[in-house]
Trainee: 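Just dropping this structure here.
Chain identifiers are assigned alphabetically (A, B, ...) following the order of the sequence lines, protein sequences preceding nucleic acid strands; residue numbering begins at 1 within each chain.
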Amino acid sequence: MSELAVRAVGLAKGFGEGTARVEVLRGLDVQVKTGEMLAVVGPSGVGKSTLLHILGLLDRPDAGTLELFGCDTAGLRVEERARWRNQKIGYVFQFHALLPEFTLVENAAMPLLIAGIKRREALERAAAVLDAVGLSPRLDHFPDQLSGGEQQRGALARALVAGPRLLLADEPTGNLDAANAHVVFALLKELHLSRRLTSVIVTHNEALAGQCDRILPMAGAGVSEASKGVSR
Amino acid sequence: MTAVLLLAHRWLLALRRRTHVATVSAISMVAMALGAAALVVTLALLEGFQHAIRGQLERGGVHARLLPARGSELPEGEWLAALRQRHPQLEVEEIRSTAVWCMANGVALPAELEVVAGLPRVEVNPVVAARLGLSPGSEVVVASSRLVLTPLGPLPLRRRLRVDVVREGRPGEERGVVRVGEGLAQAFLDVGRGPQAVALRAREAKEAWGVASIVQEDVPEGVVVQSFQELNRPLLAALALERTMIGFAVALVMVVAALNLLCNLALVAAEKRADVALLAAMGLSGRAIFRLFVSVGAGVGVLGGVLGTAAGAVLAFLLDRTQALPLPRGVFVVSHVPFRVQGEAIAVVLAISLAAALLASLAPARAAARRDVLQGLRYE
C-alpha cells in the first residue's frame, strides 16, 4: 500500500488563447497510493475533470510531470498512451455510458476487443464481470432497454473488464437518483477493494466522497490551500 | 472480427436499432447502388450494340484483304490458286473495281462497280438501293468513265442492269457499291486485267479476327495483307471511344454518390463524436479510428457496389432476354435494344465503387481521427 500509483508534480493546464485564456490547473501536486480510493471534490469549473483527463492520459499537462505506477508518462507516444488507457486504466463517465448499437455484454467486452482479444473470450470475460455487478440477466439487452443505474453499472463493468490497475470515475453517480447513486457507489467501492484497484473519483456528492479513503478538495486553479491534505 | 470491423459492421447494419448512423449509411449505400446499377446497365447497353455491330461486321464484311504493295494490280502467278488450295476454310474473292455513276428514277449516284468472278447476279448495297429507290427487279443505268465513239461523238459507256439482290448492309458503309459477274463487267474494265484486290472471308464468322495471320505466310512479296482490325479500324476505334466516353460520363454518377457518401460520413463523424471519444478513452488509437471510418466507407462502397451491380446485371439481362425495347425495322441493324453484361464490366464497376467509397471516406476519417477526444467527451 505504500507505493505510489499516481505521482503528479506541478501540473498546470490552461485553455484558450491571449486574454481569453483560463488557467484551470496551476502547479497542482497529487499523490495517490496504490490501493487508495481518492475523492476529488470541488465546485464546477475548478479543473476536476481536467485533472482526471490528465491522469487518464487523455490530455497532456502544459507543465509538470505525471508518473503512473512509477512510469513517467511524458515520454509515452500516442499509441502507447492508447495502450495504457486500454490495459491499465479504467474509465467511468457521467454521460456516454454505453454504445447504443451494442448489447450490454458487447459494450462491456469492447476494451478487450480493442486489445485484440478474440470475440468469444472477450464476451465470456465481459459476462463474468457483468455478473459481478449483478447484470447477468441483462447481457443481451441494448442500452435503451436498461435503466440509468443499470447502464452505469454496465459502464463500471466495462471499465474493469480489462483488469486495470487505476480506475478513474468522473461523477459516476451524477446522472442517477439517490437510491441508484448509492447502489452504484457501493458497488464501485466493493470492486475497488476486491480487485485491489487504485481509484480516483470526481464527485459532487459529499456523502459519497466521505466514504473514500481520502478527499482532495479543489478550488480555483488547483487544490484549495485551506483544504490541502485532508484525509481520512 | 476486430473491434474496428465490429464497430463498422454495427454502425452500417444497425437499422433495426433505428440509429441515425445506420439510416445515413443506408442512404449512401442506396446512392452508391444506383450509381453502380446505372453504370452496369449503360456498359451492358454499349456492349450490346457493339457486339451486334461487330457480329454484323464478322458476318457480312471482309475478314482480310490482299492489296498490291505497289501499283494497282496484284502480282501474277499461281500463288492465289495455292492459297485457295491451302486454306479451304476461306472464301477467296478476286476484286476488280472501277468508279461508275448509277442512275435511276432521275437520281445519279457515284458508286463503285465491283467485279466478282462467277457472280451470276447483279447486287447493289443498301446505299445505292436507298438513294436511287431500288429493289429487286428494278433497273439501274450504270455509266463508266470509259468512252465509246458514237455518231454524237465520244460518250461514257452506259449499260442498263436489272437488280437481282439488295444485299445486307455493313456497319459504317457509306459508299454505293454495285457487284456484277465478269461477263457483265468486261465492258467496263480492261480485258485481261488482274485483280486489284482479293477479299478473304472465313466460313466461320467468329474466325474473322484471325484470317490475316493465317494467310500472312502464304502471300508473295509485293502483296500486303490488311487484317480485319485494320479494315475496320475507324469504326472499331469509334466504338471503343464511344464506350469509353459514355462509360466515363455515366461513371460521374459514382462520383456524385461518393460525394454523398463523404457528406454522410462527415455527418456520422459528428453524430458519433461522443462515442468515438469514449472508444478513444477505452484505448482505441487514432489510427484505429481512421480505419474505422474508412471501413464504414468501404462497407458502403462494397455493399452498394455489389447490390447495384447485381441489380443492374439482372435488369440488363431481363431487358435483353425479353426484348423489352424494340427498335424500328430497317433503321437499326438490330430488332431490339441489346444488352450484354460482361464480367470485365462488372469487375470495373465494383472497383470503381470501392475506389470511390475509399477516396470519399479518407477526409472524414482523417478528421475523426484527429478530433480532440476531450471535446467529444464534453459534447452533449
Trainee: Hey, what do you get for CG (L279(B)) to CG (L99(A)), rounding to the nearest 0.5 Å?
Mentor: 5.0 Å
Trainee: Counting only heavy atoms not in R165(A) (residues, nucleotides, ligands), do more than 12 fall under 6.0 Å from its CZ?
Mentor: no
Trainee: Supply the atom-to-atom distance L374(B) CG to I54(A) CD1, rounded to the nearest 0.5 angstrom.
Mentor: 9.0 Å
Trainee: Using 0.5 Å steps for rounding, measure from the CZ atom of R81(A) to the OG atom of S285(B).
Mentor: 13.5 Å
Trainee: Which distance, rounded to the nearest 0.5 Å, do you find between the CE of M110(A) and the CG of L284(B)?
Mentor: 9.0 Å
Trainee: With rounding to the nearest 0.5 angstrom, report the OH to CG distance, Y91(A) to L278(B).
Mentor: 11.0 Å
Trainee: Could you check which of A82(A), G56(A), A122(A) has the highest count of heavy-atom pairs closer than 4.5 Å to chain B?
Mentor: A82(A)
Trainee: Chain B heavy atoms under 4.5 Å from E106(A): which part of the residue, side chain, backbone, both or neither?
Mentor: side chain
Trainee: Given the rule in the side chain to side chain contact (heavy atoms under 4.5 Å, CB included) test, do R119(A) and L6(B) qualify, once you have shown the distances and angles that lead to the verdict?
Mentor: CA-CA 10 Å; R119(A) 185 177 159 89; L6(B) 181 65; 3.3 Å; yes
Trainee: Is it true that atom CZ of R21(A) has more than 12 heavy atoms of other residues, nucleotides or ligands lying nearer than 6.0 Å?
Mentor: yes
Trainee: Could you state the interatomic distance from NZ (K118(A)) to OG1 (T2(B)), rounded to the nearest 0.5 Å?
Mentor: 11.5 Å
Trainee: Closest approach of N86(A) and M282(B), non-hydrogen atoms and distance?
Mentor: ND2-O, 2.9 Å
Trainee: Flag the pair E101(A) / K272(B) as yes when at least one side-chain heavy-atom distance between them is below 4.5 Å, and no otherwise.
Mentor: yes
Trainee: Counting distance only, does the side-chain N/O of R85(A) pair as donor-acceptor with the main-chain N or O of A280(B) below 3.5 Å?
Mentor: yes
Trainee: Are more than 12 heavy atoms from other residues, nucleotides or ligands located less than 6.0 Å from atom NE2 of H51(B)?
Mentor: no
